[in-house]
Amino acid sequence: MTTDHKTDYRSTVFLPQTDFPMRGGLPEKEPEILARWKEIDLHAALRAQAEGRERFVLHDGPPYANGSIHIGHALNKILKDVIVRGHQMLGFDAPYVPGWDCHGLPIEWKIEEQYRAKGLDKDDVPVLQFRAECRAFAAHWKDVQSGEFQRLGVIGDWDHPYMTMTKKAEAQILRELYKFVDNGLLYKGVKPVMWSVVEKTALAEAEIEYQDHTSTTLWIAFPIIKTETAALKDAKVVIWTTTPWTIPANRAIAYGDFDYTVLRVDGVGENALAHIGDILVVADNLYETFLDDSKITEATKLATLKADNLKGTIAAHPFRGRDGSEGAFDYDVPLYRGAFVTLDAGTGFVHIAPGHGEDDFNLGKEYGIAFDETVGDDGRYLPNVKGFAGLCVYTADGKTGDANGAVIRALIEKEALLAKRNIKHAYPHSWRSKAPLIFRTTPQWFIAMDKKIEGQNKTLREVALDAIAKTEWFPAIGENRIRGMVESRPDWCISRQRAWGVPIALFLHKETGAILRDKEVMNRVAAAFDEDGADAWYARPAQDFLGNSYRADDYTQVFDVVDVWFESGSTHAFCLNTALNGNEWPTLSLPATLYLEGSDQHRGWFQSSLLEGCGTLGHAPFEKVLTHGFTLDEQGRKMSKSLGNTVAPQDVYNKMGADILRLWVVSSDFTEDQRIGPDILKQTSDLYRRFRNTLRYLLGALSEFDEAERLDTKAMPELERWILHRLHTVDSIVRTDMARFDLGHLLMTLHNFCNADLSALYFDIRKDSLYCDDKDSIRRRATRTVMDLIFNHLVVWLAPILCFTAEEAWVTRGRQGSVHLQNVPTVPDSWKNDALAKKWELIRAVRRVVTGAMELARKEKKIGAPLQAHPHVYGSKELWASLEGVDLAEIAICSALSLHEDQIPDQAFRLDDVAGVGVMIDLAEGKKCERCWQILPEVGSHADHPDLCTRCRRVVTRRQEGGTSASS
RNA sequence: GGGCUUGUAGCUCAGCUGGUUAGAGCGCGCGCUUGAUAAGCGUGAGGUCGUAAGUUCAAAUCUUACCAGGCCCA
């Protein structure tokens with residue numbers, strides 16, 4: 001027989017067949033799958049399926065509805081979706097109701113900006129119209145974001161999301177606020193804020209622009225009137241300030257933790273204001289610069305003091321006893337330690353006006369310093385500032401007023417001024433009017449942290465700290481972070497002087513200032529909110545709410561709105577509490593099983609929800625809290641538009657597919673900051689390809705799989721039983737990983753399974769059986785049965801992550817419904833077989849020596865394909881005994897293989913980590929079977945099929961006779 | 001500046017309470033295969049474990065400082 005005219009047996013080989021393409025084409029395919037889910041109403045089916053199951057309630061932290069989603073939103077929502085889908089498949093009822101934060105400043109700005117573009121002023125627009133436009137704006141972006149989130153594959157109740165601006169929500173937020181009236185924690189206090197005298201309004205941090213501004217700076221001496229340190233007797237403390245107009249409001253002086261020098265002035269230069277003989281105190285490090293600044297030419301250091309020596313010292317206000325002051329400045333000015341004092345500039349002493357600075361206010365609070373308001377909302381001194389009343393800090397058009405000049409003249413008159421200069425520095429200005437701002441105390445509403453809750457013997461802080469301890473934090477370190485914050489946080493300021501929000505709908509008695517705590521009135525207000533939303537507060541006359549018992553003239557109505565953090569902190573009340581949400585989401589329940597947000601929410605939503613829950617329910621609204629980090633660029637740098645290193649989720653799902661983005665989320669360690677960029681996404685695609693091809697191979701191998709082929713597991717070869725054992729192992733890992741949200745480990749387990757167990761080992765070994773064995777052979781039936789099982793498990797394991805691809809595979813397999821309606825299949829414990837696993841570890845070790853030896857032979861051009869080889873494997877009798885029943889030739893994919901118990905030849909190939917095994921490679925003897933490509937001695941001995949081995953000849957012959965059938 | 005936190009191969013990640021030559025996958029190089037083929041298999045080269053001190057018989061693992069990031073504050 002010549003080799004010229006060999007029969008082509010390709011058509012007799014059972015090659016894999018599938019419509020599941022190698023390349024996903026996800027950007028086109030995913031929208032089709034989304035449409036299919038809509039068609040079969042997957043969400044409703046999920047809910048119906050889970051009725052009565054144990055609940056797993058992930059409560060959505062509401063994103064802010066003012067723009068398209070960015071990568072951080074995508075990460076957050078994908079994580080939620082993977083966990084929700086995963087738990088549903090593990091047998092929970094895991095509903096997901098998305099939510100939106102709709103009120104607040106950023107939306108107000110946008111609307112205001114639109115007004116300004118039209119040359120309109122916000123203040124000229126009726127408040128209800130303004131609110132309506134804010135509402136429309138939020139509704140628009142809610143819709144945009146909803147579409148983007150759904151495109152990511154996130155499944156949930158998108159037709160019925162919660163929103164903080166619905167009537168029901170606004171009414172419930174108000175009721176939550178009223179609970180803090182009831183429990184006595186809500187109080188009115190003051191707080192320094194950035195104030196614009198031009199707009200007569202407080203400004204939020206984001207409305208402030210820092211611009212260069214020239215300020216008059218003063219060096220001012222405060223005479224010491226009481227001290228326990230001898231060196232300070234008759235001395236004066238020197239402060240430095242850039243805001244002369246705050247001097248009348250001075251109440252204290254702060255010093256830092258460094259050395260101070262007491263000096264005597266011995267000589268002064270021209271125009272100096274200091275006097276010879278003055279004894280002054282400044283920080284030792286700033287001694288030289290001070291002399292320079294104040295034109296003191298000669299001085300003597302009298303003493304150097306430690307910070308502790310300043311403790312208990314009391315100075316007098318420079319205006320003490322000033323004519324016309326009526327004793328208004330005769331109070332003591334104590335010295336206190338302040339951590340914020342630095343040596344960057346000045347004298348090491350900071351003058352403290354508690355009404356006009358954040359540090360000042362906090363220090364004042366710490367030491368209980370009493371102070372009056374000194375500057376009115378128009379920037380003028382109030383009448384109580386004797387000798388300065390009516391003078392102006394900044395004028396109505398934003399220019400410097402006459403207050404500074406008057407203060408300077410008075411300081412000179414009292415011989416307290418040591419020096420005066422101008423400096424140019426960054427100073428806060430209004431984003432709107434561009435006018436400079438001042439710090440000014442304003443009345444605000446607070447929730448007390450350290451007051452006993454009425455009816456309880458505990459403070460809100462204590463209840464909150466208890467609740468933190470009872471909560472499970474993922475990662476555990478999150479607990480420290482929030483505990484530290486709650487331990488040290490000040491009272492919660494919940495008021496904002498804004499229009500787009502839920503008003504703090506209270507009536508205050510005009511004379512006493514007391515809150516009207518009348519249940520009937522509050523119920524009427526809340527009922528009005530139920531009907532008309534918070535607009536009711538603006539639209540209806542006060543008397544409507546007050547009823548017959550009170551006169552509107554006796555009360556002022558509060559029009560501050562509540563901080564949006566209070567609103568989002570209340571979402572559990574109107575969303576999770578089925579009694580309060582009107583049964584709108586009957587499958588939700590309180591407390592939620594899980595809150596899942598970025599780590600910044602330790603200060604934000606986690607904390608506001610915690611405080612709100614603790615104040616109104618006595619416990620946290622969550623049982624577990626999972627946090628993720630932030631998304632950085634490929635170099636680990638923060639993303640920013642100016643750096644041009646942002647990755648838009650829309651680009652990823654439009655160009656690569658949402659499954660790639662989902663895979664990226666799961667493959668990164670999301671508990672810490674994670675990186676994304678072109679290279680990382682490329683790598684994610686490679687990762688995706690492995691999963692896709694594994695599914696594809698299974699689908700191809702299972703083409704036309706008939707139930708009649710299914711083989712009882714007991715009848716299967718060891719290799720199949722080992723795969724079943726692996727399924728058992730992976731299954732238990734999937735379950736524990738999902739339960740502890742360790743998605744990274746879960747993914748790696750699945751990847752290794754696909755890679756090492758399936759692709760490199762099982763699929764490779766079983767190709768021969770799959771392609772060439774007769775359809776009714778036990779081996780092939782076992783293979784197909786196990787591959788069917790692998791598919792069933794793998795597709796469900798992957799479904800929460802690759803939600804689109806898993807569904808595509810599911811449908812391609814010809815299954816009904818949706819993969820997402822499956823539970824993770826249970827694995828019979830009989831599949832677990834540790835002894836077999838151990839045996840296969842050994843087999844794989846021996847296999848590695850064989851493949852290693854073949855690789856060497858290939859390098860030496862001795863062989864090409866493994867089927868050309870006949871390895872001689874040397875090992876001990878015990879080794880071969882322990883591998884009883886294993887066909888190593890099949891496992892190493894060789895045409896033949898011999899085992900030897902003899903001494904390992906010196907030239908045999910060995911591996912360091914596989915002791916006692918050596919391999920020599922010979923060429924397999926015989927001819928190549930043209931069907932299965934094995935090289936076997938019997939090829940050529942069959943007259944009818946001279947190019948086939950015995951096995952292939954039988955298969956081909958039976959096919960020709962039409963006698964093969966899977967059921968036979 | 002403060003609180004919390006991160007820094008292991010080009011990339012994504014493992015390395016438990018300190019203990020033999022620091023692991024995996026991807027990517028890359030090389031080879032095989034051409035019946036998973038814009039795929040599959042095998043194999044190889046890549047790491048002073050951010051830097052520097054210290055504790056210890058022994059440190060990627062503990063301590064301190066520094067450098068470079070991140071979140072939240074100031």
Side-chain angles (χ1 to χ4, degrees), chain A residues 9-18 20-23 339-342 344 358-359 362 475 477-485 487-489 598-604 607 627-638 663-664 666-669 671-690 692-701 744-745 747-749 751-752 754-756 759-761 763-765 767-768 770-772 847-848 850-861 863-869 892-893 912-913 931-933:
Chain A
Y9 288 100
R10 194 172 198 274
S11 61
T12 72
V13 177
F14 310 125
L15 292 178
Q17 276 189 326
T18 177
F20 192 80
M22 185 176 290
R23 309 195 73 192
F340 51 87
V341 183
T342 66
D344 297 345
E358 194 107 44
D359 288 333
N362 292 334
I477 200 75
E479 179 171 355
N480 294 350
R481 190 160 173 186
I482 192 165
R483 171 172 294 114
M485 288 175 180
E487 274 170 351
S488 63
R489 68 158 297 146
S599 60
D600 56 332
Q601 300 304 332
H602 285 114
R603 174 159 296 272
Q607 201 175 138
T627 52
H628 57 77
F630 280 71
T631 305
L632 311 172
D633 76 3
E634 241 151 15
Q635 276 70 47
R637 266 176 237 288
K638 192 177 172 144
L663 196 56
W664 165 76
V666 174
S667 68
S668 50
D669 180 2
T671 63
E672 285 167 19
D673 293 340
Q674 61 295 138
R675 302 175 181 203
I676 196 170
D679 288 351
I680 291 171
L681 283 169
K682 164 78 172 55
Q683 188 198 329
T684 310
S685 304
D686 292 331
L687 187 64
Y688 173 82
R689 220 172 43 202
R690 170 56 89 187
R692 184 168 185 93
N693 277 319
T694 304
L695 289 171
R696 179 169 185 268
Y697 191 74
L698 287 166
L699 287 166
H745 186 258
L747 182 75
M748 200 176 304
T749 303
H751 188 237
N752 278 338
C754 289
N755 229 0
S759 197
L761 193 77
F763 292 172
D764 215 26
I765 293 171
K767 264 182 204 170
D768 174 74
L770 206 51
Y771 297 173
C772 301
R847 185 180 193 259
R848 276 193 295 120
V850 176
T851 50
M854 288 197 290
E855 178 65 18
L856 207 64
R858 195 175 295 130
K859 281 239 153 68
E860 292 164 356
K861 303 286 178 201
I863 61 164
L867 284 175
Q868 294 168 10
I893 317 176
D912 289 347
D913 57 336
R931 185 160 173 275
C932 71
W933 297 344

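Below, chain A is the first sequence line, B the second, and so on; all start at residue 1.
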Nucleotides 15-32 of chain B: protein proximity per nucleotide (B base, S sugar-phosphate only, - neither; heavy atom, under 4.0 Å): ---------SBSS---SS
Between protein and nucleotides 66-71 of chain B, map the contacts as a letter string: B base, S sugar-phosphate only, - none, heavy atoms under 4.0 Å, written 5' to 3'. ---SSB
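G42(B) has its base anti relative to the sugar, with a glycosidic angle deviating from 0 by more than 90°.
Closest-nucleotide positions on RNA chain B for Tyr697(A) and Arg848(A) were compared, and the one nearer the 5' end corresponds to Tyr697(A). Both Ser667(A) and Cys754(A) lie near RNA chain B, and the one whose nearest nucleotide falls closer to the 5' end is Ser667(A).
OP1 or OP2 of G35(B) has not a single side-chain nitrogen or oxygen of Tyr9(A) nearer than 4.0 Å.
Summarising the base pairing, C32(B) is matched to G40(B) through a Watson-Crick or G-U wobble pair whose two defining distances lie under 3.5 Å. Nucleotide C13(B): paired with G23(B) (Watson-Crick or G-U wobble, both distances less than 3.5 Å). Using Watson-Crick or G-U wobble geometry with both donor-acceptor distances under 3.5 Å, A45(B) finds no partner in any strand shown. Under the Watson-Crick or G-U wobble criterion, with both distances below 3.5 Å, A58(B) is left unpaired in every strand shown. Of all nucleotides present, only G70(B) satisfies the Watson-Crick or G-U wobble test against C4(B), with each distance under 3.5 Å.
Among the protein residues, Asn693(A) comes within range of the nucleic acid bases, having at least one heavy atom under 4.0 Å from a base atom. As judged by a 4.0 angstrom heavy-atom cut-off over every strand, Met485(A) is placed among residues touching the sugar-phosphate backbone only. Among the protein residues, Arg692(A) comes within range of no part of the nucleic acid, since none of its heavy atoms lies under 4.0 Å from any strand. Nucleic acid contact class of Arg10(A) (heavy atoms, under 4.0 Å, all strands): base. Among the atoms of the strands shown, none is found under 4.0 Å from any heavy atom of Thr18(A). Note on Asp679(A): nothing from the nucleic acid sits closer than 4.0 angstrom, heavy atoms only.
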Sequence neighbours excluded and cut-off under 3.5 Å, please list the side-chain donor-acceptor pairs for residues 9-16 of chain A, or say none.
| from | atom 1 | to | atom 2 | distance (Å) |
| --- | --- | --- | --- | --- |
| Tyr9(A) | OH | His945(A) | ND1 | 2.9 |
| Thr12(A) | OG1 | Tyr9(A) | O | 2.7 |
| Thr12(A) | OG1 | Arg931(A) | NE | 2.8 |

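Under the side chain to side chain contact (heavy atoms under 4.5 Å, CB included) criterion, Gln683(A) pairs with no residue at all, not counting sequence neighbours. Shown here are the side chain to side chain donor-acceptor pair (under 3.5 Å) partners of Asn755(A), two or more places apart in sequence or in another chain: Arg690(A). Evaluation of the ring pair (Phe, Tyr, Trp, His ring centres under 6.0 Å) rule for His602(A) yields Phe606(A) as partners, not counting sequence neighbours.
Between Lys767(A) and Asp764(A), at least one side-chain N (NZ, or NE/NH1/NH2) sits under 4.0 Å from a carboxylate O, which counts as a salt bridge. Ionic pairing of Asp679(A) and Lys682(A) is not present here: no N-O contact between side-chain nitrogen and carboxylate oxygen is shorter than 4.0 angstrom.
A donor and an acceptor atom sit less than 3.5 Å apart, one in the side chain of Arg23(A) and one in the base of A38(B). For a distance-only test at 3.5 Å, the side chain of Thr694(A) fails to qualify as a donor-acceptor partner of the base of A36(B).
Under the 3.5 Å distance criterion, the side-chain polar atoms of Trp664(A) are matched with a main-chain donor or acceptor of Arg675(A). Checked by atom type and distance alone, the side chain of Arg692(A) never pairs as donor or acceptor with a backbone atom of Phe20(A) at under 3.5 Å. His628(A) places a side-chain N or O within 3.5 Å of a backbone atom of Gly598(A) that can act as its donor or acceptor partner. Looking at Arg858(A), its side chain does come within 3.5 Å of a backbone N or O of Gly864(A) through a donor-acceptor pair.
G23(B) and U34(B) have their C1' atoms separated by 34 Å, given to the nearest Å. G31(B) and G69(B) have their C1' atoms separated by 42 Å, with the value rounded to a whole Å. A14(B) and C30(B) have their C1' atoms separated by 28 Å, given to the nearest Å. Taking atom P on both nucleotides, A52(B) is separated from A68(B) by 16 Å, rounded to a whole Å. For the P atoms, the distance from U6(B) to G50(B) is 13 Å, rounded to whole Å.
In this structure, Trp933(A) packs face-to-face on the six-membered ring of G35(B), meeting both the 5.5 Å centre cutoff and the 30° plane limit.
When all heavy atoms are compared, the tightest approach of Cys754(A) to Thr694(A) is CB-OG1, 3.6 Å.
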